[in-house]
Amino acid sequence: MSLSLFKQCKQYNVPLLQCPSFLFVVMGLINITSIFTVFFIAQRYTEEPELVVGIVIGVSLVIFIISYVIVGTFTQLAETNRMKTEFLNIVSHQILTPLTSEKWLVNLLLGQKLGALNNEQKEYLELLKSSNTKSVQLVNALLNVSRIESNKMVFEKKPIDLKQLAQEVVSDEKPAIEASKIFLQILDQTNGKNQVIGDAMKIKLVAQNFISNAIKYTKENGQIMVILKGDGGFLKFSVIDNGVGIPSEEKPFIFQKFFRSSNVMRFQTLGSGLGLYVSKYIIDMLGGKIGFESEENKGSDFWFTLPIAKL
Ligand code: ADP
């Protein structure tokens, strides 16, 4: 374990003498040695208590200096983290502006208001539009990470119709569903109680993430079911697919930032590993639960719950 702690310091570029885990071990060794030394000296030189007091003061001083270095390193790491979050925020905003103008221009051209387009031109512009959408999604995911890390994500709490939201997401994803020849259906088992309390935009982001993942990680002719059902005072939203699933040894890492499982990386290069990290934060903040069941090569069931709105 200590070896992996030192490796961590190497990863973060912290010199060994400032490495908190290393210093912690040194501190422990000094403590143990000093306890024995004081014990032996106190036994041998009972007539010289000043010597024992001197040793205790000396050891305390060394421990104080080491603690000072550890606090300094933590402060430095916290400052680096703050700078990274700020950097992410600035860069993402700077990239988002030209991407938004690009989207506007492509839509203008595709709308043929500046002149008729032939099929080849339309096809290229559609490709440009789709890569623009992917870039905007990635930059927005990075912006969300920076908002989460700086505690700046704000939440509304209003009644939301989860069924309507699911239908909207499915309709947005229609081109991808059709392109992958996937059969997708929404099953409403709520008996009409499909309103939850939350933030519509953010819940939509989570639903979009679950549904687009199910499409991305399900090979052609797959089947996806979006199920809404009551669960105590909560509404459960599940997206069940018969796709590639998640290897069991990688399940503990699924909600970690930037994590992508090894089986999907082999066939699906597109992805940032940020969607589920952001989704978990959103659902946690809205007082719900998020989770999944999955089996490799069989499929996955990603779900979240949110409190039912009392109307
Ligand atoms: P991304 O999809 O951009 O890689 P996410 O955070 O949305 O990032 O998902 C993280 C990882 O979780 C994915 O890379 C994939 O390995 C796994 N995953 C998520 N949803 C599914 C699913 N429906 N089927 C199989 N694996 C999934």
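All values below come from the heavy atoms of this structure, side chains included, with hydrogens, waters and symmetry mates left out.
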Q: Ignoring hydrogens, what is the shortest heavy-atom contact between Ser92 and Leu142? Give both atom names and the distance.
A: OG-CB, 3.8 Å
Q: Angle class for the Phe237/Phe304 ring planes (parallel below 30°, perpendicular above 60°, tilted otherwise)?
A: parallel
Q: Between Asn81 and Lys84, is the side chain to side chain donor-acceptor pair (under 3.5 Å) condition met? List the steps.
A: CA-CA 5 Å; Asn81 191 40; Lys84 181 214 71 191; 3.2 Å; yes
Q: Within a 6.0 Å radius of atom CE on Met265, are there more than 12 heavy atoms belonging to other residues, nucleotides or ligands?
A: yes
Q: Do you know the tightest heavy-atom contact between Gln223 and Asn242?
A: N-OD1, 2.9 Å
Q: Between Gly243 and Thr218, what is the shortest heavy-atom contact and its length?
A: CA-OG1, 3.6 Å
Q: Could you walk me through whether Lys202 and Met153 pass side-chain contact (heavy atoms from CB on, under 4.5 Å), step by step?
A: CA-CA 10 Å; Lys202 305 217 169 49; Met153 196 178 260; 3.7 Å; yes
Q: Quick check on the hydrophobic clustering: are Ile224 and Tyr217 connected, directly or via other members, by side-chain heavy-atom contacts under 4.5 Å?
A: no
Q: Counting only heavy atoms not in Tyr68, do more than 12 sit closer than 6.0 Å to its OH atom?
A: no
Q: Can you confirm whether more than 12 heavy atoms, excluding those of Asn221, are under 6.0 Å from its CG atom?
A: yes
Q: Show the nearest heavy-atom pair for residues Ser294 and Gly245, with the distance to one decimal.
A: OG-CA, 3.4 Å
Q: For a quick test of reading the model, state the closest non-hydrogen atom pair linking Ala166 to Val226 and the distance between them.
A: CB-CG1, 4.4 Å
Q: For Lys216, I'd like to know if atom NZ has over 12 heavy atoms of other residues, nucleotides or ligands within 6.0 Å.
A: yes
